Protein chains: 2
Amino acid sequence: MVRKPATLKDVAALANVSRATAARALNSYGYVGDETAQKVQAAAEQLGYRGNRLAQALRNGQLPIVGCILGDIQNPFFARIAHDIEVLARERGHNLVIGSSEEELAQEISLLASLQSLSIRGFIVAPTSADNNAHLQGLIAENVPLVLIDRVAEGVDCDNVLVDNEGGARKAVEYLIAMGHRHIGLLQDDMRIFTSRERMSGYQAALAAAGIAPDDRMVSVSQSTVEHAVDATIRLFSQKSPPTALFTVDSLMTQGALLAFRSMGISIPHDVSLIGFDDFNLATFTDPQITVVSQPVSEIGRAAARLLFDRLSGKNEPPQKIRFETKLIVRGSVSRRSDG
Amino acid sequence: MVRKPATLKDVAALANVSRATAARALNSYGYVGDETAQKVQAAAEQLGYRGNRLAQALRNGQLPIVGCILGDIQNPFFARIAHDIEVLARERGHNLVIGSSEEELAQEISLLASLQSLSIRGFIVAPTSADNNAHLQGLIAENVPLVLIDRVAEGVDCDNVLVDNEGGARKAVEYLIAMGHRHIGLLQDDMRIFTSRERMSGYQAALAAAGIAPDDRMVSVSQSTVEHAVDATIRLFSQKSPPTALFTVDSLMTQGALLAFRSMGISIPHDVSLIGFDDFNLATFTDPQITVVSQPVSEIGRAAARLLFDRLSGKNEPPQKIRFETKLIVRGSVSRRSDG
DNA sequence: AATAGATGTGAGATCGATCTCACATCGTCT
DNA sequence: AGACGATGTGAGATCGATCTCACATCTATT
């Protein structure tokens, strides 16, 4: 036999009052007699009444849910952020809807549309594309709070939380150059992705500053998964004159590169030096330990959620841009080189 | 200026028809004249009409959202599962709400309640506790589809997807015993958690079969995070007579153990042998590579989502129990021992 | 020609909670 | 005594989409 959840009407009937009074008693607003209030409470308890958030949301226009559209929750970077957002959302009585764009603009757009029609209260998005973002501008136009993380979208004027990608990448590549490397590979994500662009631009800036001509053959593009990165690394290092050092733009790719090197019998740092963007759990357990550019992952989700909830509670200041520093953590995966 | 999303009423007004007709045209049911239908379509387009899923859900009783309550999305195991569920849900036009129980029963209960009041269509839950599950039984009583993953809850008769935890653990420990180990440590999660119980019971069964008396000092309990596992490992191996081998019940704990061993100057497999439950990306990159019990993670989320959507599409068969095998993957983290 | 059926449309109820408004019934103050 | 404010309650509108029902037309069939 199927029990149906109790409605306010049921509670009101049981307590012998009108729906209006029942609502007043349960939400404690307006005038309600003590005795009546208790009768209603008792009735609600007895029926196991838990309002219908759908109806409430329809009435007041907003569903206490935060939408979160990320690249891929399997990336520990995003997983951490999603987790932190969920924790803060929970504290504020909100739930979290998660969608993976899988770095597809079309998917991001359709996800966003489907969430928008849920009258969700606000969004935290890591936009796939830096340029095509009419959908995000649409949010702003409808006054739906939006916080961008990890990436920027042109023409979308809203809060965002970033890290210093370009600086981090430049530091890494400068370090490789200082260690004598001239053929520095770049294992990067799709160029539509903001972080990928910025990190590449840091890479290029460092090369340019050292007077090293850019070389397309030094650059390999891959989706951000371990498996794809393995392939991309193999492609890169199967050339006649492969790089002597590699910079990878995220931790999954770093791990992919490591696995690829192992399978190719390439030893780090003897044959190839490696620096990865974004630290990871086992970076210190590999032998050698992996030198990385670290970003304060644990801050990003929290900062974004805080910005979003500030907006939700009515704060109406101009958009804030939070930018975290990145840090080069030198470990053992880079060796000195003295060729050309 | 704030644009409000267009409603059906707006569309109807613009097309000069009634709401009923507009609805018919947009959802193509009932009789609508060709010309009228086109007028409505045009009006909808012009206004950028996208129904209000809240109102639709209120009307027909269900919101096309799947709720997913896991231990912690930061665990790659759960992240993978969440990802796979999200993909399948998206294909079916559903969104995914994610909540972390953080292995707290109270949080699981309150999350579930808050999601239930959203009239969500179905749930996939990795229950924190094997015993206290009135909340889950409540779902069943209200006929809300529920699929349990990774764990079982007593008295809750519904679809579930598990792996052979006990068998996997036993295989691991039997292997350690066969390699001459008698003092085998267990780094496990909270005993309320089903997988932890089962894996422990596999551990105990293997010891018993070999005539080795269980020893509480060989067991350390930790939350399933890298950090906690580091501490727990250090505690375990700071004893006067520490284990000669360690079995860890999940990959985060395995990684924690690795980091702990490094910090304590304990070398694997020379000083201590190690087997972890659940494979992980870099298990083959460490030196030595880590021997693990692997489970088909990529199957679990998909299987669970499939079961759930079968229910949602009305399938009314008795609950299915899917159980995947686990496999011992021997790599290099176990060495032969010939003491007592 | 009459009637059954097909086709097309609108009015209004419904989902569940909330909120405004109107209407009581008190007590208290001049 | 009259009046005003405080207190308590209910009827009904509202949020947006859907669906039933009733009412038109129009076609085809006997």
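The structure displayed is predicted, hence computed values, not measured ones. Sequence lines set the chain letters: A, B, ... in the order given, protein chains first and strands last, and positions in each chain run from 1.
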Ignoring backbone atoms, establish whether A/Ser18 has a side-chain N or O less than 4.0 Å from OP1 or OP2 of D/dG10. yes
Identify every side-chain donor-acceptor pair in residues 42-49 of chain B under 3.5 Å, counting partners at least two apart or on other chains, and give the distances.
none

Round to a whole Å and report the spacing from NZ of A/Lys9 to P of C/dT14. 8 Å
Taken to the nearest whole Å, CG/B/Leu54 to P/D/dT18 is 13 Å
Interface polar pairs with nucleotides 19-27 of chain D, N/O, under 3.5 angstrom:
| from | atom 1 | to | atom 2 | distance (Å) |
| --- | --- | --- | --- | --- |
| D/dC19 | O4' | B/Arg59 | NH1 | 3.2 |

Rounded to whole angstroms, how far apart are CG on B/Leu58 and P on C/dA13? 17 Å
Pairs meeting criterion salt bridge (Lys or Arg N to Asp or Glu O under 4.0 Å) with involvement of residues 68-97 of chain B, two or more places apart: A/Glu102-B/Arg90, B/Arg80-B/Asp84, B/Glu86-B/Arg90
Only counting residues at least two apart or in another chain, list the ones meeting salt bridge (charged side-chain N to carboxylate O under 4.0 Å, His left out) with A/Arg19. none
Which residues satisfy the salt bridge (charged side-chain N to carboxylate O under 4.0 Å, His left out) test with B/Arg151, sequence neighbours excluded? B/Glu103
C/dT18, OP1 or OP2 - any side-chain N/O from A/Gln56 closer than 4.0 Å? yes
Kindly state each residue pair satisfying ring pair (Phe, Tyr, Trp, His ring centres under 6.0 Å) with at least one member in residues 95-116 of chain A, sequence neighbours excluded. none
Contacts to DNA chain D from residues 31-39 of chain A, heavy-atom cutoff under 4.0 Å, which residues? A/Tyr31, A/Val32, A/Gly33, A/Thr36
Between the two end axes of the helix from C/dA1-D/dT30 to C/dT30-D/dA1, each built from 5 base pairs, what angle do you get to the nearest 10°? 60°
Kindly indicate, with the supporting measurements, whether the criterion side chain to side chain donor-acceptor pair (under 3.5 Å) is fulfilled by B/Glu108 and B/Thr128. CA-CA 7 Å; B/Glu108 177 179 314; B/Thr128 284; 3.1 Å; yes
Taking atom P of C/dA17 as reference, at what distance in whole Å does atom CG of A/Leu8 sit? 5 Å
So ring pair (Phe, Tyr, Trp, His ring centres under 6.0 Å) across residues 76-107 of chain B, not counting sequence neighbours, yields B/His94-B/Phe309
Expressed in angstrom and rounded to an integer, what is the separation of A/Leu63 atom CG from C/dT18 atom P? 13 Å
Set of ring-ring contact (aromatic ring centres under 6.0 Å, His included) partners for A/Phe123, sequence neighbours left out: none
Grab the CG-C1' distance between B/Leu47 and D/dG16 for me, whole Å please. 15 Å
Name the residue closer to the 5' end of DNA chain C, choosing between A/Ala55 and B/Asn16 according to the nucleotide with the nearest heavy atom. B/Asn16
With sequence neighbours left out, which residue pairs that include part of residues 126-135 of chain A fulfil the salt bridge (Lys or Arg N to Asp or Glu O under 4.0 Å) condition? A/Asp131-A/Arg197
Taking only residues two or more places apart in sequence or in another chain, which ones pass salt bridge (charged side-chain N to carboxylate O under 4.0 Å, His left out) with B/Lys9? none
To the nearest angstrom, the NZ-C1' distance between A/Lys4 and C/dG16 comes to 14 Å
May I ask you to decide if A/Arg192's main-chain N or O and A/Asp190's side chain share a donor-acceptor pair within less than 3.5 Å? yes
A/Tyr49 vs C/dA17: side-chain N/O to OP1/OP2 distance below 4.0 Å: yes
